Amino acid sequence: MAIVIIMAKKNKTGTSPSIVIPEEADGVEMASPAPKVTFPSWLYDFRFQAGIIALIAFICHINTVKNEYALDDTVVIVKNEYVLEGFAGIPDILSKDAYYSYYRQINTTNQLSGGRYRPLSILTFAIEQQFFGAIPKNKVDSVMAYGMSYDMQEPYERHFLRDMHIRHFFNVVWFALSMIVLLYFFRYIVFKSNPLMAFVAVLLFTVHPIHTEVVANVKSRDEIISLLFICLTFIFAFKYREEQKKWYLALGLCSYFLAFLSKEYAITLVVLLPLSFYLFNNYPIRKSIVASLSYFAIAVIYLVIRWQTLGPARSELADNDIQINPYAYASATEKLATEIATSMRYIKLLIFPHPLSSDYSYNQIPYKDFSHPLVWLSLIFHLSLFGGLFYFLKKRSVLCFAIAFYLLNLLMINNLIFDIGATMGERLIYHASVGFIIATAYLLVKGIEQIKPARIGKASFTGLLLVIILLCGFKTIERNKDWKNDETLFFHDVNVSPNSFLVNANVACMLVNKSDAEKDEKKRNEELHRGVALYTKVLGMQSNYVLAYMNRCVAYFKLQQPDSMIADLDQVMRLYPIHPQLPEMYYRAGMLYYTHKQYAKAAAALQVVLKLRPGDIYVQKALNDVRAAQSAK
């Protein structure tokens with residue numbers, strides 16, 4: 001049995017170990033080999049490393065504090081009655097689907113397969129709202145109905161934006177805190193005798209541009225705190241095995257439950273936790289499983305609570321609507337092939353994170369079949385990773401843990417096992433990227449150690465790391481600006497994802513809305529025509545998209561094109577005859593015809609209004625005026 005000899009010498013910042021590396025015993029590779037490239041002792045001190053990590057996290061992301069709200073922030077925060085109620089909304093947050101409030105407002109039920117039970121991050125938003133100023137339950141509906149104007153000039157709107165700036169600041173704080181905990185997790189467990197690798201890994205994770213969405217989009221706080229509590233679960237689980245103090249076990253179980261309440265990724269610990277005992281504590285397989293049994297019980301408790309809260313949580317809409325199911329138009333073979341190929345796109349973005357987009361849904365990633373080379377490249381690559389997992393498992397190598405962490409979290413998001421309602425997303429790779437970063441830091445440091453003489457290796461390592469940090473940091477800071485609000489985000493991303501159904505629909509909507517504030521008539525008409533063109537593009541992707549017909553109708557009304565209005569309204573009538581805006585828009589079309597002295601068409605439009613709203617005296621009067629004008633003509 002090999003013996004590790006550690007000789008420590010004191011310095012101003014703490015203890016820096018000088019480690020004599022033993023030979024490998026019985027052909028088993030050490031999980032975390034000691035560093036061969038030496039740096040000043042203060043660089044290895046945890047407090048110094050944590051301070052640098054926190055500083056870099058703030059430098060890279062503090063500009064998000066200027067941002068407002070974008071993407072799913074609207075559904076989860078802005079239009080969430082339970083968040084706006086503050087403390088009073090907490091019982092509903094804990095007992096309902098994350099999107100229940102939104103579904104209630106649009107008079108529908110759960111639209112996402114499996115539902116979403118992630119109350120913890122939403123609970124933090126409600127707590128913040130309590131201090132910002134909670135809205136009484138009897139007034140919250142009227143506040144949400146009043147909504148937000150495009151230019152956000154009203155006092156209550158400016159107050160709301162101020163609150164969002166504070167929420168962004170808290171997101172940065174949560175991220176910095178989670179990076180410090182990740183550092184401790186790496187130093188204490190994954191790279192136990194190599195604090196340099198731990199430091200490098202967290203540095204790379206902190207500055208990686210693919211994580212901008214997680215920090216810049218406040219809603220994605222669920223990703224941040226999920227990883228935070230997963231790391232704490234590992235830490236307390238190992239603390240308990242090391243010191244046998246019951247309160248460490250209690251903290252570990254509590255952290256694991258909170259990880260589940262943050263997001264479903266915690267289920268991967270059913271495999272990763274016993275694997276970590278096997279790799280890093282040198283436990284036999286049986287002992288590793290036994291040591292994890294109490295955590296398995298927490299997983300079962302969570303699944304029971306989730307089932308009781310959400311039930312089967314299945315909606316037929318999830319099968320037919322490409323906004324919810326991007327594979328709605330794909331055959332079973334195309335769906336499988338596209339899912340396999342898409343998994344390779346994550347690797348590409350982890351290695352070269354450019355360009356970045358808020359959306360990769362239908363039709364930005366075209367369907368593929370098994371004749372496409374990317375499908376086979378992805379299949380070969382991931383099967384090789386799977387084979388590598390077992391190869392490194394025998395050697396008890398840290399690379400086994402890295403691969404397992406990556407693959408298990410990837411399986412949570414690539415649609416092969418769970419239908420997530422999206423093709424892919426940058427925020428979705430947040431957890432899996434931990435495995436990628438572990439492997440990257442390990443291979444980077446090991447590679448530098450091969451450079452001789454050592455001073456050249458150290459200089460090369462330092463220079464390379466600085467270049468990566470500067471380039472990634474610059475990209476992250478710049479990308480954060482795009483996330484200021486929906487307008488800045490989608491107007492940027494429509495150039496990156498020109499075929500995205502969601503991005504095109506959102507840009508079209510904003511063009512039509514912002515035209516009201518445009519005083520230049522020529523520019524106003526250009527925006528409206530562009531909006532019409534984008535809605536036409538969207539309808540080419542999904543011909544039964546009612547909202548696109550109705551919003552394009554609004555654009556035609558502003559352009560004073562009643563014939564086009566009627567064509568779109570007839571489509572809405574066919575698809576959704578009880579749409580609440582149909583009477584008003586048919587009336588507006590009729591009045592446009594009346595203005596243009598097209599009396600027969602005006603009368604026909606108004607008659608439709610009376611069929612939808614019988615007995616309306618104002619519409620009847622307008623119809624009488626039209627008929628009188630028609631007779632006079």
Side-chain angles (χ1 to χ4, degrees), residues 71-72 111-114 116 210 213 264-265 268 314-387 403 406-433 435-436 493-506 537-545:
L71 208 62
D72 289 341
Q111 298 180 2
L112 295 172
S113 177
R116 299 294 184 269
I210 204 171
E213 178 176 355
E264 296 85 352
Y265 296 111
T268 61
R314 179 69 184 176
S315 170
E316 292 182 1
L317 287 172
D319 296 323
N320 305 316
D321 190 338
I322 58 171
Q323 296 178 84
I324 303 166
N325 176 19
Y327 297 110
Y329 300 156
S331 66
T333 302
E334 288 175 327
K335 180 177 184 294
L336 179 60
T338 308
E339 288 166 351
I340 293 171
T342 301
S343 296
M344 200 65 195
R345 286 178 172 266
Y346 282 121
I347 290 293
K348 180 265 175 186
L349 286 176
L350 285 169
I351 296 172
F352 186 71
H354 179 83
L356 298 175
S357 175
S358 59
D359 185 73
Y360 297 87
S361 63
Y362 185 89
N363 185 35
Q364 182 55 32
I365 298 179
Y367 295 152
K368 296 176 177 59
D369 56 35
F370 281 93
S371 66
H372 198 286
L374 185 60
V375 178
W376 290 101
L377 175 63
S378 179
L379 197 59
I380 292 168
F381 176 82
H382 288 94
L383 287 176
S384 299
L385 280 185
F386 190 71
I403 294 171
Y406 181 80
L407 288 179
L408 284 170
N409 282 283
L410 179 67
L411 284 172
M412 296 288 293
I413 62 168
N414 66 0
N415 289 293
L416 288 172
I417 296 178
F418 304 105
D419 179 7
I420 65 168
T423 310
M424 66 176 290
E426 290 161 17
R427 70 188 182 282
L428 301 177
I429 202 66
Y430 186 71
H431 286 65
S433 66
F436 174 83
D493 288 1
V494 74
N495 299 310
V496 177
S497 300
N499 298 316
S500 164
F501 177 93
L502 177 66
V503 172
N504 279 281
N506 277 289
K537 184 177 181 179
V538 165
L539 287 166
M541 300 182 201
Q542 183 172 332
S543 60
N544 63 346
Y545 188 31

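All values below were derived from every heavy atom in this structure, side-chain atoms included, with hydrogens, water molecules and symmetry-related copies excluded. What you are looking at is a predicted structure, and each value in this text was computed from that prediction instead of being measured.
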Starting from the C-alpha separation in whole Å, work towards a yes-or-no answer on ring-ring contact (aromatic ring centres under 6.0 Å, His included) for Y346 and F436. CA-CA 11 Å; Y346 282 121; F436 174 83; over 10 Å; no
Going through the distances and angles, do I365 and N499 end up as a side-chain contact (heavy atoms from CB on, under 4.5 Å)? CA-CA 8 Å; I365 298 179; N499 298 316; over 6 Å; no
Intermediate values then yes/no, side-chain hydrogen bond (donor to acceptor under 3.5 Å, both in side chains), Y329 and E334: CA-CA 9 Å; Y329 300 156; E334 288 175 327; over 6 Å; no
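Minimum interatomic distance between M412 and E264 (heavy atoms only, all atoms of both residues): CE-O, 3.3 Å. The shortest heavy-atom contact between R116 and D419 is NH2-O, 4.3 Å. When all heavy atoms of Y327 and T423 are compared, the closest pair comes out as OH-CG2, 3.6 Å.
In terms of modelled atom types and a separation under 3.5 Å, the side chain of N415 and the main chain of I420 share a donor-acceptor contact. Not one N or O on the side chain of K348 forms a donor-acceptor pair closer than 3.5 Å with the backbone of P353. Side-chain N or O atoms of S378 include one that pairs as donor or acceptor with a backbone N or O of I340 at under 3.5 Å. The backbone N or O of I429 sits nowhere less than 3.5 Å from a side-chain atom of N409 that would complete a donor-acceptor pair.
At a threshold of 4.5 Å between non-hydrogen side-chain atoms, the residues E339 and N414 do not count as touching. At a threshold of 4.5 Å between non-hydrogen side-chain atoms, the residues P498 and Q364 count as touching. Side-chain contact between L428 and Y265 is present, with heavy atoms from C-beta onward closer than 4.5 Å. L356 has its side chain within reach of L349: a pair of non-hydrogen atoms, C-beta onward, lies under 4.5 Å apart. In this structure, N325 and Y362 have side chains that are not in contact, with every pair of non-hydrogen atoms separated by 4.5 Å or more. Side-chain atoms of F501 and Y545, non-hydrogen and from C-beta on, do get closer than 4.5 Å to each other. Residues D359 and D493 fail the side-chain proximity criterion, which asks for heavy atoms closer than 4.5 Å.
We find the CG-CE distance between L377 and M344 to be 4.5 Å, quoted to the nearest 0.5 Å. In this structure, CZ in F418 is found 12.0 Å from CD1 in I413, a value given to the nearest 0.5 Å. Going from atom CG of L407 over to atom CD1 of I403 covers 7.0 Å, rounded to the nearest 0.5 Å. A distance of 10.0 Å separates CE of M424 from CG of L410, quoted to the nearest 0.5 Å. N504 CG to K537 NZ: the interatomic distance, rounded to the nearest 0.5 Å, is 4.5 Å. With rounding to the nearest 0.5 Å, the separation of CG in L379 from CG in L336 is 8.5 Å.
Scored by the side-chain contact (heavy atoms from CB on, under 4.5 Å) test, S384 finds I380 as partners (sequence neighbours excluded).
Ring geometry for H382 versus Y406: interplanar angle under 30°, hence parallel rather than tilted (30 to 60°).
For F370, the CZ atom counts as densely surrounded, since its 6.0 Å shell holds more than 12 non-hydrogen atoms of other residues, nucleotides or ligands.
Paired with S497 under the rule side-chain hydrogen bond (donor to acceptor under 3.5 Å, both in side chains), one option of S361, S358, S357 passes, and it is S357.
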